[in-house]
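Below: one structure, written as structure tokens.
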Amino acid sequence: MYTLKLSIFFKTLAIVLGSIPAIFSQTKLMEERPPNIVWITSEDNSKHYLELFDDNGIPTPNIQSLAENGLIFNRVFSNAPVCSVARSTIITGCYAPRIGAQYHRKIVTVPMPDSLKMFPAYLRQQGYYTTNNSKEDYNIIKSDGVWDESSKKASWKNRNENQPFFHVFNIGVSHESSMHFTAKDMETTLPETDQISFKVQPNHPNTELFKYTNALYRDKIREMDRQVGNVINELRTDGRLDDTFIFYFGDHGGVLPGSKGYLYETGLHVPMVVHVPEKYKHLVNSPVGSTVKGFVSFIDLGPTVLNLAGISIPQGMDGKPFLGKDIKNEELNARDETYSYADRFDEKYDMVRAIRKGKYKYIRNYQPFNFDGLMNNYRYKQLAYQEWQALYDKGELNEIQSAFFESRPPEMLFDIDADPYETKNLANDPKYKTIVRDLRSRLNTWVKGMPDLSFYPEHVLIENAFENPVAYGTIHKKDIEKYMEIADLGLLSFKDAKNALTTALDSSDPWERYWAIIVCSTFGKQAMLMEAKIKTMATKDTERINRVRAAEFLAILKQLDPSAIMTKALYESDKPSEALLILNSMVLMNSGKFNYNFDIHLDQISKVVSEDSEVMRRLEFLKIQ
């Protein structure tokens, strides 16, 4: 009996001892289980309209509730002021002009860089359940491994038991389209927001329509905040607040005129609050309840999620994490730099790059004659845009309000702390010469370092680069640097730039000629010495778009009616993106500043061109025959 009891004892002991590693392993697994992460993104909201971030904003109590056990980030920037480019930046962690994702709306989608996946794919590989509800809007080809589900029904609730999740919830109530009301709507819909509770920003006319638009937009933000509260309550009901990071942020800037689509703070500077869950406070070194003043850009969002999940940041991403146990509070708050880009928005072309460092914002307008207010069909569905234009045409705006409809300087510098709506350009003030030189150098280093593919026209990239944009940029890096250096001749005096411009105009490289003509247009009358050479190029250059650019230069100088040359080029083109760029110059020439008229016949335009939706908007505006 004693021997039997002893045998049972040793067998029991062996079972207990044998189970200890399993118990330890399970406990260790539970301890190391990565956090859940939820993103709540609202469409078209800059920080300027939320009281939590700006005195001119309204209360957003649900967003503010996230800050009670979290962090307020008051220096967060989209790298692009429009949905598809901003979201392409987020999902890749890469600067869009480097990877070919910089145009909105996309004419073609581009592949991911060879070495990279969209960042949720790395989460899935590590066992996360990844869901998106539901907007994607990428300019990039999406592989199958990104989301477990991406739809209006996607939810974290469908995961396996104890599986960590990453969930994105998109709120669209404040989207630009919500401002497409009619005059009749104004008579029947009274905004909840009191129209004397805020100030109309100084670059806008202080009219009843602008006050109404401001009030209605703030109403949409109130509703957006209520929907944020619904998501928070759903997580609370599900018992997830203690183990889930909740990020709220705007997907780029706001929709009041001159915001979305432009590299001003109202188009880029977004609100962000992050709820820090009790179980994962050890992953955050900033004091809970504090405000983080360090700069965060959209390229940093994906790397931050990976870092919180304990996943190494893949080589090839441009961003860096801003949360995680390895991110020191002092280093985070010392970050003070962000870069941004603007190219084509729907049918409207431009090329603008910017850097903000600390309180200073430097904007580089590569085609400054393309004024901000150039016709863009979707923007001008908003009555406030229409009124702004009408008041300008009547001469009823002051200098600050008129700037939107006039040529811009190639360089602009703003002190954002003193001038939050960027109304006073300091670039030519001798007191800021050192700052301008420093920020210009930093921006140029960034542009060259990408390298920035937009120094080629979009149709050239579609034909030659978009099968592998990053590789194309690498192969042509020296060429891109050369184009940028030609573009920067526009920052010199014409006397100092003349010889280099002459050489570039005679180059066998068509894109050296392209940028030289653009620089001559920037100089305007100062470049009259180039008139004869560019007149020849207007009919003889081998590139259609260079003939158009040459005609544009001569028209700016009032030396030539450009309509025949530009219309002929449009008829010859069989590429929608090339035709759009031609049409952009035609619309500029047709604007009140120049008043050239175009007699365009639809039956002479290539069918593949005339049936493109963006081309159709331009043709409709120009009143085709």
Side-chain angles (χ1 to χ4, degrees), residues 46 48 56 81 179 198-214 217 253-268 342 345 348-352 354 361-416 418-429 490 521-526 552 555-558 584-585 587-596 621:
S46 68
H48 302 78
N56 204 32
M179 294 294 103
F198 56 83
K199 295 178 182 177
V200 174
Q201 59 197 58
N203 59 324
H204 288 162
N206 192 18
T207 65
E208 291 306 310
L209 175 56
F210 268 82
K211 290 176 185 176
Y212 181 92
T213 304
N214 270 268
Y217 181 45
V255 297
L256 296 183
S259 301
K260 183 177 180 179
Y262 304 94
L263 292 192
Y264 303 115
E265 292 295 285
T266 51
L268 296 170
F345 298 95
K348 176 183 176 289
Y349 274 96
D350 207 350
M351 184 178 171
V352 187
K361 172 86 162 288
Y362 171 86
I363 299 177
R364 177 70 171 94
N365 295 304
Y366 284 99
Q367 300 171 28
F369 44 85
N370 276 337
F371 60 91
D372 286 330
L374 189 68
M375 180 63 187
N376 181 305
N377 179 272
Y378 199 72
R379 302 280 177 270
Y380 278 84
K381 286 184 177 182
Q382 195 176 142
L383 293 183
Y385 267 102
Q386 296 174 29
E387 182 184 63
W388 200 7
Q389 171 82 66
L391 291 173
Y392 175 78
D393 292 343
K394 293 176 184 176
E396 295 180 7
L397 300 178
N398 63 33
E399 184 179 354
I400 289 172
Q401 295 161 354
S402 297
F404 190 69
F405 302 98
E406 297 177 350
S407 298
R408 306 154 301 185
E411 294 183 299
M412 299 193 292
L413 178 73
F414 302 103
D415 178 343
I416 301 301
D419 180 24
Y421 293 101
E422 295 153 288
T423 64
K424 185 178 180 182
N425 182 17
L426 305 171
N428 293 321
D429 188 327
S521 293
T522 299
F523 277 120
K525 289 181 180 179
Q526 296 179 70
E552 184 176 63
I556 288 171
L557 267 59
K558 305 290 185 182
N584 200 78
S585 290
V587 170
L588 175 66
M589 294 294 99
N590 182 245
S591 68
K593 187 172 182 180
F594 300 106
N595 283 317
Y596 294 106
F621 176 73

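Distance OG/S585 to CZ/F594: 10.5 Å, rounded to 0.5 Å. In this structure, F405 CZ and D372 CG are separated by 9.5 Å, a value rounded to the nearest 0.5 Å. Remark: Y385 OH to L209 CG distance equals 13.0 Å, nearest 0.5 Å. Taking CG from L557 and CD from Q526, the interatomic distance works out to 10.5 Å, rounded to the nearest 0.5 Å. Within the model, atoms OH of Y212 and CE of M179 stand 8.5 Å from one another, a figure rounded to the nearest 0.5 Å. Atoms CE and CG, on M351 and N365 in that order, are 11.0 Å from each other to the nearest 0.5 Å.
With N206 as the fixed residue, the side chain to side chain contact (heavy atoms under 4.5 Å, CB included) test singles out one of K211, Q401, Q201: K211.
Taking both residues in full, the closest heavy atoms of K361 and E422 are given as NZ-OE2, 2.9 Å, listed atom of the first, atom of the second, then distance. Counting all heavy atoms, side chain and backbone alike, L268 lies closest to P81 at CD2-N, 3.9 Å. The minimum heavy-atom distance linking L397 with S402 is given by the pair CB-OG, 3.3 Å. Nearest heavy-atom pair, P202 versus I400, reported as atom, atom and distance to 0.1 Å: O-CG2, 3.7 Å. Considering every non-hydrogen atom in both S259 and T266, the closest pair reads OG-OG1, 3.2 Å. The two atoms that bring F369 and E552 nearest to each other are CE1-OE1, 3.6 Å, heavy atoms only.
F210 has its side chain out of reach of L256: every pair of non-hydrogen atoms, C-beta onward, lies at least 4.5 Å apart. Within the 4.5 Å cutoff, the side chain of N370 has heavy atoms near those of the N584 side chain. The closest side-chain heavy-atom distance from H48 to E265 is below 4.5 Å. Within the 4.5 Å cutoff, side-chain heavy atoms of Y262 are placed close to those of F404. By the 4.5 Å heavy-atom criterion applied to side chains, P368 and S407 are not counted as neighbours. Between K525 and I556, every side-chain heavy-atom pair lies at or beyond the 4.5 Å cut-off. R408 has its side chain out of reach of I363: every pair of non-hydrogen atoms, C-beta onward, lies at least 4.5 Å apart. By the 4.5 Å heavy-atom criterion applied to side chains, Y378 and F345 are not counted as neighbours.
A donor-acceptor pair shorter than 3.5 Å can be found between the side chains of T207 and E387. N203 and Y264 are not linked by any side-chain donor-acceptor pair at a separation below 3.5 angstrom, with hydrogens and angles left out of the test.
Taking the six-membered ring for Trp and the full ring otherwise, the centers of H204 and Y421 sit at least 6.0 Å from each other.
Residue K424 qualifies as open at atom NZ: its count of foreign heavy atoms under 6.0 Å is 12 or below.
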Working for side-chain contact (heavy atoms from CB on, under 4.5 Å), residues K260 and R379: CA-CA 9 Å; K260 183 177 180 179; R379 302 280 177 270; 4.2 Å; yes
Decide side-chain contact (heavy atoms from CB on, under 4.5 Å) for L588 and L374; before the verdict, give the C-alpha distance in whole Å, the side-chain angles of both, and the deciding distance to 0.1 Å. CA-CA 7 Å; L588 175 66; L374 189 68; 4.1 Å; yes
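A donor-acceptor pair is defined here as one N or O able to donate and one able to accept, closer than 3.5 Å; no such pair exists between the side chain of Y362 and the backbone of A427. Side-chain atoms of N595 come within 3.5 Å of backbone atoms of G592 as a donor-acceptor pair (strictly under, hydrogens ignored). Within the 3.5 Å criterion, the main-chain N or O of K199 finds a donor-acceptor partner in the side chain of N56.
Figure legend: R364 and Y366 shown as a cation-pi pair, the cationic atom lying under 6.0 angstrom from the six-membered ring centre and within 45 degrees of its axis.
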